[in-house]
Amino acid sequence: MARKAMISVVAALALAGCGGEPSPGGWTASSGSASSGSASPGPASTSPPTPPTAPPTAPTAPTAPTGSAAPSKRKADDVNGDGYADLVAEFGPADGRRLGVVPGSPKGLVPAKGVVVPPATFTSWLIGGGFRADLDGDGFGDILGYGAPPDPDQAQGPHILWGGRDGVAATARPIPVRLPAKSGGPASYRAVAGDYDGDGAADLAMATPPGSGGLAADLTVLYGPFTRQGAPARSTVQPSPTGGDFWRMVADEIDGRRATALLVYEGDDGEQVSGVLLAGGPGGLARAGRKLNRGMAAAFGDFDGDGTRDVAVGDDGSRNNEPGYETEPPTVDRTLTVYYGDGRQAAFKGGAGGAVSGDFDGDGRDDLAFGGAAASRHVSATTPKVFRGGPGGLGAGTVIAGLSGAGPLAAGDYDGDGDDELVFTTGRDDSAIVVTDGAKVLTRFETADMPS
């Protein structure tokens with residue numbers, strides 16, 4: 001169940017023009033928890049979700065490959081359908097990111113069998129890692145990447161790399177996601193995968209230009225399943241949930257037929273901004289939601305084990321470096337805020353960096369890794385901590401020995417033992433991967449050693 005808050009290419013381009021510092025590395029309408037735990041003093045929105053333009057289409061039932069785990073055990077992060085989660089992430093310098101896939105196995109991740117998509121096939125561009133989702137409903141996890149093949153006629157944008165029995169083929173040409181004509185522009189902005197109407201088929205939420213022109217001020221939702229040509233079953237377009245331009249989004253994980261929530265951030269120039277939490281439901285995403293505390297790192301989970309989704313947002317360490325805008329208020333600076341589905345709220349101080357959730361000890365409650373921000377002119381480096389889930393929610397964070405300078409990357413059950421492993425990245429340009437069980441280091445490998 002790999003999850004990570006990802007960096008938007010649009011934000012990166014904006015920072016290049018205005019001087020921001022790059023960062024390091026749920027709710028459903030039926031549960032009523034979308035209105036709980038908000039930092040906003042106003043009442044919850046009662047605006048109805050956008051009605052679907054056509055009945056949802058159920059995905060084709062997957063057929064298990066020979067020798068694989070049963071389909072019910074396969075998740076969206078299982079690219080080759082063998083029953084083990086696969087690690088999908090980007091590595092390398094900002095001007096030369098490489099999209100890599102490392103398969104899981106009974107012994108965990110196997111970097112020797114990993115695949116690095118070469119620039120001749122696809123160049124990734126600053127999204128922080130591929131998003132996993134079974135977009136065509138065939139039972140194999142697919143990868144949603146941002147970038148383009150080396151083709152002057154092919155615009156940068158969201159592309160799909162199809163999973164299959166042999167995983168992702170490094171030389172297979174990615175398929176661009178098709179946008180409805182009324183979206184007003186090319187697929188040039190970030191997309192995130194979820195199941196926003198809870199029908200069991202993966203959907204995509206995209207920031208798109210409005211029909212009248214301008215930046216990303218419309219939220220376009222493409223509902224699956226998708227064809228092999230990248231076309232959705234249906235789509236909707238709704239106004240910006242933030243009331244203005246936006247590009248960064250974080251979606252809850254896809255799990256069965258549960259409608260997933262979406263966190264849509266306000267536009268930023270490197271500073272910490274607020275996100276608006278939109279509930280998912282049978283009609284799709286709500287048109288309005290609740291504003292949460294400012295913080296560019298986010299992860300969903302069930303941290304107290306009560307069956308409702310929770311969300312944590314925190315300071316990812318980035319700052320706007322224009323004079324007079326380099327600092328954040330005490331309620332945001334080095335702060336992690338947790339919103340529980342029952343309305344409770346908690347805060348932890350002292351950390352900044354990325355956020356990744358997963359059940360690392362197999363007790364049925366999600367845990368959270370947070371921290372690892374690199375030192376900058378305005379933020380000191382922080383060591384990541386693991387906050388354990390419990391009946392009362394997340395407890396105080398603890399440090400895993402040997403992870404100085406590392407940042408949380410992903411989580412997944414890579415060895416199939418029933419609990420999640422927690423993966424960190426470290427080294428210059430994310431050159432090394434460190435796999436832990438949430439308490440101690442299990443293994444390390446260099447990304448340069450992966451086949452390419």
Side-chain angles (χ1 to χ4, degrees), residues 1-4 6 25 65 67-69 73-92 97-117 124 128-134 140-143 145 161 163-170 253 299 354 356-362 366-367 369 372 384 386 400-403 405-427 429-452:
M1 298 180 289
R3 297 163 289 231
K4 186 186 178 189
M6 300 162 66
S68 76
K73 295 182 179 180
R74 298 216 304 273
K75 300 288 187 178
D77 56 4
D78 183 6
V79 177
N80 60 8
D82 64 356
Y84 302 95
D86 304 315
L87 174 64
V88 180
E90 287 180 329
F91 312 104
R97 303 294 282 175
R98 300 179 303 150
L99 183 63
V101 184
V102 185
S105 76
K107 296 183 178 181
L109 293 174
V110 187
K113 295 184 178 180
V115 171
V116 175
V117 179
S124 294
F131 246 79
R132 275 75 51 203
D134 182 6
F140 299 97
D142 307 309
I143 300 173
L161 291 84
R165 190 167 308 183
D166 298 320
V168 170
E253 67 167 325
V356 169
S357 63
D359 184 3
F360 309 136
D361 53 13
D366 285 317
D367 312 302
V386 176
I400 301 176
L403 288 179
L409 175 66
D413 188 4
Y414 304 116
D415 58 7
D417 65 352
D419 54 45
D420 291 331
E421 287 72 59
L422 173 60
V423 178
F424 294 84
T425 184
T426 187
D429 299 323
D430 304 335
S431 60
I433 297 296
V434 183
V435 183
T436 79
D437 62 3
K440 63 181 181 299
V441 173
L442 301 177
T443 186
R444 303 171 183 256
F445 61 89
E446 299 292 323
T447 59
D449 295 336
M450 293 171 54
S452 58

For Thr447 and Ser431, indicate whether the former's side chain and the latter's backbone hold a donor-acceptor pair under 3.5 Å.
yes

Which atom pair, heavy atoms only, marks the closest approach of Pro408 to Pro384?
CD-CB, 4.2 Å

Does the side-chain contact (heavy atoms from CB on, under 4.5 Å) test come out yes or no for Val88 and Leu99, once each step is laid out?
CA-CA 7 Å; Val88 180; Leu99 183 63; 4.1 Å; yes

Does Asp78 use its side chain to pair, donor to acceptor, with the backbone of Gly141 at less than 3.5 Å?
no

List in chain and number order the residues that pass side-chain hydrogen bond (donor to acceptor under 3.5 Å, both in side chains) with Asp437, two or more places apart in sequence or in another chain; answer none if no residue qualifies.
Lys440

Strictly distance-based, threshold 3.5 Å: is any side-chain N or O of Asp367 a donor or acceptor partner for the main-chain N or O of Asp359?
no

Between Val168 and Val115, is any pair of side-chain heavy atoms under 4.5 Å apart?
no

Quick check against the 3.5 Å criterion: does Thr436 have a side-chain atom that pairs as donor or acceptor with the backbone of Leu422?
yes

At their closest point, which heavy atom of Ala432 faces which heavy atom of Glu446, and how far apart are they?
CB-OE2, 3.7 Å

Pro106 and Tyr84 have their tightest heavy-atom pair at CG-OH, 3.3 Å

Would you name the heavy atoms of Met450 and Val101 that are closest together and state the gap between them?
CE-O, 4.1 Å

Could you pull out all residues at least two apart from Asp417 that satisfy salt bridge (charged side-chain N to carboxylate O under 4.0 Å, His left out)?
none

Evaluate the criterion side-chain contact (heavy atoms from CB on, under 4.5 Å) for residue pair Asp134 and Asp142; output intermediate values, then yes/no.
CA-CA 5 Å; Asp134 182 6; Asp142 307 309; 3.7 Å; yes

Interatomic spacing from CG in Asp361 to CG in Asp366 - rounded to 0.5 Å
10.0 Å

In Å, rounded to the nearest 0.5 Å, how long is the span from CG of Asp415 to CG of Asp420?
9.5 Å

To the nearest 0.5 Å, what is the distance between CG on Leu109 and OG1 on Thr443?
8.5 Å

Distance check, rounded to the nearest 0.5 Å: Ile400 atom CD1 versus Phe360 atom CZ?
8.0 Å

When rounded to the nearest 0.5 angstrom, what distance separates CG in Asp77 from CD1 in Ile143?
10.5 Å

With rounding to the nearest 0.5 Å, note down the distance linking CZ in Phe424 to CD1 in Ile433.
11.0 Å

